[in-house]
Student: 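What follows is a single structure, and I will ask about it in a moment.
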Amino acid sequence: MENARIAEFFSRIADILDIQGENPFRVRSYRNVARIIADLSSNLAELVKEGGDPKQFAGIGESSAEKVAEIVETGRLKFLEELEGKIPKGLTELLRIEGLGPKKVKVLYEDLGVDSVARLEKAARAGKLRELAGMGAKTEENLLKSIEHYRRGVGRFKLSVGMSYAGELVEYLSKVKGVKQLEPAGSLRRRQETVGDLDILAICSAGCEVMDGFVKYDGVEEVIAKGETKSSVRLQGGMQVDVRMLEEESFGAALHYFTGSKAHNVAIRGRAQQRGLKVSEYGVFRVKDDERVAGKSEEEVFGAVGLPFIEPELRENRGEIEAADEGKLPELLKLSDIRGDLQMHTKASDGKDSIETMARKAKELGYKYVAITDHSKAVRVAGGMDEKELAKHLKAIEKANEKVEGIEILKGVEVDILADGSLDLADWVLEECDVVLASIHSRFNMPEEEMTERIVKGISNLNVDIFAHPTGRLILERPAYEVNLKRVFEAAKELGVVMEINAYPDRLDLNDVNARMAKDMGLRISIDTDAHAATQLELMRFGVYTARRAWLEKADVINSYPLKKLLKALR
DNA sequence: GCCGTTTTCGGCCCGACTGTTTTCAGTCG
């Protein structure tokens with residue numbers, strides 16, 4: 001069972017208890033457990049089956065450990081089923097509506113019988129909500145807007161999309177009177193694979209008009225809030241943006257605070273508390289006399305709680321604070337460490353550019369080598385090649401390699417693993433290649449067991465060097481296929497097969513959590529763009545972001561190696 | 001519900017903005 005599915009049980013408990021008005025700390029505790037489980041870099045169900053104890057993870061106690069055991073064993077949880085019997089099903093869905101929290105949901109249900117989004121809309125349109133304590137006409141209006149937003153299903157955006165929105169907005173705001181410095185924070189700065197909204201920090205001089213300028217931005221569809229130091233808008237397309245104005249002396253504290261994650265911040269604050277300190281977005285203060293001890297830079301803030309600087313990509317409370325405390329933070333991979341790209345396509349299959357164009361662009365990026373890896377015949381829509389065509393193509397690669405100076409062009413292929421686990425091309429032609437990537441492009445919806453067998457069989461072919469986009473997911477579009485990754489990793493470790501982080505922004509596959517599990521199991525990683533045009537070679541940075549979120553260092557990533565060492569790392 | 005170089009009980013992160021109030025509760029991040 002996936003960690004996400006186990007986590008879901010705890011989230012649902014938290015939602016229901018929240019609406020029932022249960023002790024907020026108990027509710028938080030359940031939410032905390034859900035998050036911890038979802039973030040684990042190993043499979044919890046397997047760990048439990050092997051006799052492991054969930055209590056080893058801080059935040060999971062006796063009660064939750066028992067619940068995990070029941071879920072793993074039976075696939076159900078009595079406690080949750082009892083809770084669900086007490087309130088209508090639609091009630092927890094109401095919590096997803098912006099502006100509605102547990103207190104209002106409870107009142108709406110008890111006083112008006114509202115138990116679904118549809119009924120909420122009806123009640124709001126009929127002007128019934130204003131009869132309730134603490135609600136008025138404005139509340140009705142706002143909730144109707146929120147319902148519309150919710151129905152449109154606009155929630156999260158790919159990181160690449162968020163970065164382009166942020167870039168344009170920063171460009172615009174930098175021209176507003178009095179704006180001295182702008183810094184996007186939030187999940188964007190942590191390079192999370194999707195972002196829900198944008199947080200932009202602004203340092204201003206006196207008489208700054210940043211808030212007025214912001215709400216007048218061309219792309220603004222709706223102003224949600226406008227204050228002196230904080231405003232929120234929704235852009236056309238649905239993305240919410242918050243801008244905060246702050247003083248230079250609290251910039252570091254604010255940057256840290258608004259970069260999050262929330263879980264990281266809570267942990268840092270707890271740590272501060274033990275030291276008699278209080279952390280807010282304005283700085284770090286001594287509790288006894290309110291004396292400010294840090295705030296100008298993030299280094300200062302971390303220093304005040306006895307820690308070295310922690311890179312934004314690590315701030316998920318997934319062990320980074322403990323590692324920092326023990327001086328064991330990883331030295332994260334940098335984009336400038338990358339010396340080559342091992343997956344790209346040319347006109348020979350579904351790419352737009354020639355071998356030579358791809359190689360020259362790679363050279364421009366400072367790379368020492370690339371692998372040309374077009375599709376095999378099973379991927380018909382992409383113009384995949386059969387053995388004869390590939391053999392000819394490999395000759396063309398050799399020629400290009402002679403022609404383009406200063407970069408090594410490796411002969412490669414991305415060969416399909418067919419439904420029965422065999423490879424789409426015969427061994428004789430695979431043996432001619434320097435780099436063979438194996439991957440899956442068909443029959444995604446197999447049962448887990450079958451898919452796992454298929455993959456293990458596929459990568460067992462001695463010609464396979466790298467398993468490409470290992471889970472097949474497309475962010476926000478298509479879920480990963482069912483596969484027991486742990487078993488795939490164990491087999492790959494045994495066989496010496498490298499796992500890929502596909503850097504294409506729609507894929508980022510492996511993701512951060514899985515890549516970290518691969519590292520922990522002793523596997524090595526190749527970060528490849530999967531470029532289908534020369535300009536897409538620049539997408540490497542997204543793969544590096546994911547690698548950094550997975551705690552990867554230079555030694556973990558084979559395409560940071562010099563050519564000779566790389567060739568040794570391949571089979 | 002979780003946790004413990006003050007603790008097995010009594011705490012648990014902190015502040016801005018809104019809408020409804022007339023001093024504040026609810027929500028959000």
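Per chain, numbering begins at 1; letters A, B, ... match sequence-line order.
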Student: When you measure from the side chain of Lys104(A), which nucleotide among dG26(B), dT18(B), dG1(B) comes out closest?
Tutor: dG26(B)
Student: Which nucleotide sits closest to the side chain of Tyr282(A): dG1(B), dA16(B), dT27(B)?
Tutor: dA16(B)
Student: If the glycosidic angle is within 90 degrees of 0 it's syn, otherwise anti, so just tell me which one dT6(B) is.
Tutor: anti
Student: Below 4.0 angstrom from OP1 or OP2 of dG15(B), is there any side-chain N or O of Arg244(A)?
Tutor: no
Student: Please work out if Ile97(A) contacts a base, only the sugar-phosphate, or nothing of the nucleic acid, heavy-atom cut-off 4.0 Å.
Tutor: sugar-phosphate
Student: Expressed as a whole number of Å, how far does the C1' atom of dT27(B) sit from that of dC13(B)?
Tutor: 16 Å
Student: Determine whether a donor-acceptor pair (one donor, one acceptor, N or O, separation below 3.5 Å) exists between the side chain of Asp199(A) and the base of dG29(B).
Tutor: no
Student: With Asp512(A), which of Arg191(A), Lys519(A), Arg318(A) fulfils salt bridge (Lys or Arg N to Asp or Glu O under 4.0 Å)?
Tutor: Arg318(A)
Student: Do NZ/NE/NH1/NH2 and the carboxylate oxygens of Lys230(A) and Asp242(A) come within less than 4.0 Å?
Tutor: no
Student: Using the C1' atoms only, state how far dT7(B) lies from dC3(B), rounded to an integer number of Å.
Tutor: 9 Å
Student: Please tell me which of the listed nucleotides, dC2(B), dC14(B), dG29(B), lies nearest to the side chain of Arg269(A)?
Tutor: dC14(B)
Student: Among dT27(B), dG29(B), dC12(B), which is the nearest nucleotide to the side chain of Lys262(A)?
Tutor: dG29(B)
Student: With both distances under 3.5 angstrom, what nucleotide forms a Watson-Crick or G-U wobble pair with dG29(B)?
Tutor: dC14(B)
Student: For dG29(B), does the base pair up with any side-chain atom of Tyr257(A) as donor and acceptor (N or O, under 3.5 Å, distance only)?
Tutor: yes
Student: Under 6.0 Å from the six-membered ring centre of Phe9(A) and within 45° of its axis: does the NZ or CZ of Lys67(A) meet both?
Tutor: no
Student: On a whole-Å scale, what distance lies between the P atoms belonging to dA16(B) and dG11(B)?
Tutor: 25 Å
Student: Name the nucleic acid region contacted by Phe25(A), choosing base, sugar-phosphate or nothing; use a 4.0 angstrom heavy-atom cut-off, strictly under.
Tutor: base
Student: Take the protein atom CG of Asn265(A) and the nucleotide atom P of dC13(B), then report the distance between them rounded to whole Å.
Tutor: 12 Å
Student: Tell me: CD of Glu98(A) to C1' of dG19(B), nearest whole Å?
Tutor: 16 Å
Student: Have a look at Ala14(A) and say if it touches a base, only the backbone sugar-phosphate, or nothing, with a 4.0 Å heavy-atom cut-off.
Tutor: nothing
Student: Charged N to carboxylate O below 4.0 Å: is that the case for Arg125(A) and Glu121(A)?
Tutor: yes
Student: Do Lys89(A) and Glu84(A) touch side chain to side chain, with heavy atoms closer than 4.5 Å?
Tutor: no
Student: Give the nucleotide from the list dC14(B), dT18(B), dC13(B) with an atom nearest to the side chain of Lys278(A).
Tutor: dC14(B)
Student: Would you call Glu298(A)-Arg189(A) a salt bridge at under 4.0 Å N-O?
Tutor: yes
Student: Using a heavy-atom cut-off of under 4.0 Å over every strand shown, decide if Ala133(A) touches base, sugar-phosphate, or nothing.
Tutor: nothing
Student: Expressed as a whole number of angstroms, how long is the span from Lys138(A):NZ to dT27(B):P?
Tutor: 18 Å
Student: Report the nucleotide, chosen from dC17(B), dG29(B), dT27(B), that has the shortest atom-to-atom distance to any side-chain atom of Lys230(A).
Tutor: dC17(B)
Student: If the C1' atom of dC2(B) is compared with that of dT8(B), how far apart are they to the nearest Å?
Tutor: 12 Å
Student: Quickly work out the Asn23(A) CG to dC12(B) P distance and round it to whole Å.
Tutor: 12 Å
Student: In whole Å, what is the span from the CG atom of Leu83(A) to the C1' atom of dG1(B)?
Tutor: 13 Å
Student: Centre-to-centre under 6.0 Å for Phe542(A) and Tyr545(A), is that the case here?
Tutor: yes
Student: Can you list, in residue-number order, the parts of residues 68-79 of chain A that come under 4.0 Å of DNA chain B, counting heavy atoms only?
Tutor: none
Student: Classify the ring geometry between Tyr217(A) and Tyr172(A) as parallel (under 30°), tilted (30 to 60°) or perpendicular (over 60°).
Tutor: tilted
Student: Using a 4.0 Å heavy-atom cut-off across all strands, classify Pro24(A) as base, sugar-phosphate, or nothing.
Tutor: nothing
Student: Apply the side-chain contact (heavy atoms from CB on, under 4.5 Å) test between Ile13(A) and each candidate in Asp18(A), Val27(A), Leu77(A); give the one that qualifies.
Tutor: Leu77(A)
Student: Using whole Å, what does the distance between atom P of nucleotide dA25(B) and atom NZ of Lys106(A) come to?
Tutor: 16 Å
Student: Report the nucleotide, chosen from dG15(B), dA16(B), dG26(B), that has the shortest atom-to-atom distance to any side-chain atom of Thr229(A).
Tutor: dA16(B)
Student: Counting heavy atoms from C-beta on, name the nucleotide in dG1(B), dG26(B), dT18(B) closest to the side chain of Lys103(A).
Tutor: dG26(B)
Student: Please state the C1' separation for the pair dA25(B) and dT20(B) - nearest whole angstrom.
Tutor: 9 Å
Student: On a whole-Å scale, what distance lies between the P atoms belonging to dC17(B) and dT22(B)?
Tutor: 23 Å
Student: With a non-hydrogen cut-off below 4.0 angstrom, is Ser232(A) in contact with a base, only sugar-phosphate, or nothing?
Tutor: nothing
Student: Can you tell me which residue among Lys262(A), Arg549(A), Arg190(A) is in a side-chain contact (heavy atoms from CB on, under 4.5 Å) with Arg315(A)?
Tutor: Arg190(A)
Student: Looking only at the side chain of Asp242(A) (C-beta and beyond, no hydrogens), which of the listed nucleotides dT27(B), dT20(B), dG29(B) gets closest?
Tutor: dG29(B)
Student: Can you find a side chain N or O atom of Gln274(A) that sits less than 4.0 Å from OP1 or OP2 on dT5(B)?
Tutor: no
Student: Starting at atom CD1 of Ile224(A), determine the distance to atom C1' of dG19(B), rounded to an integer number of angstrom.
Tutor: 16 Å
Student: Rounded to whole Å, how long is the line connecting atom CG of Leu132(A) with atom C1' of dG26(B)?
Tutor: 14 Å
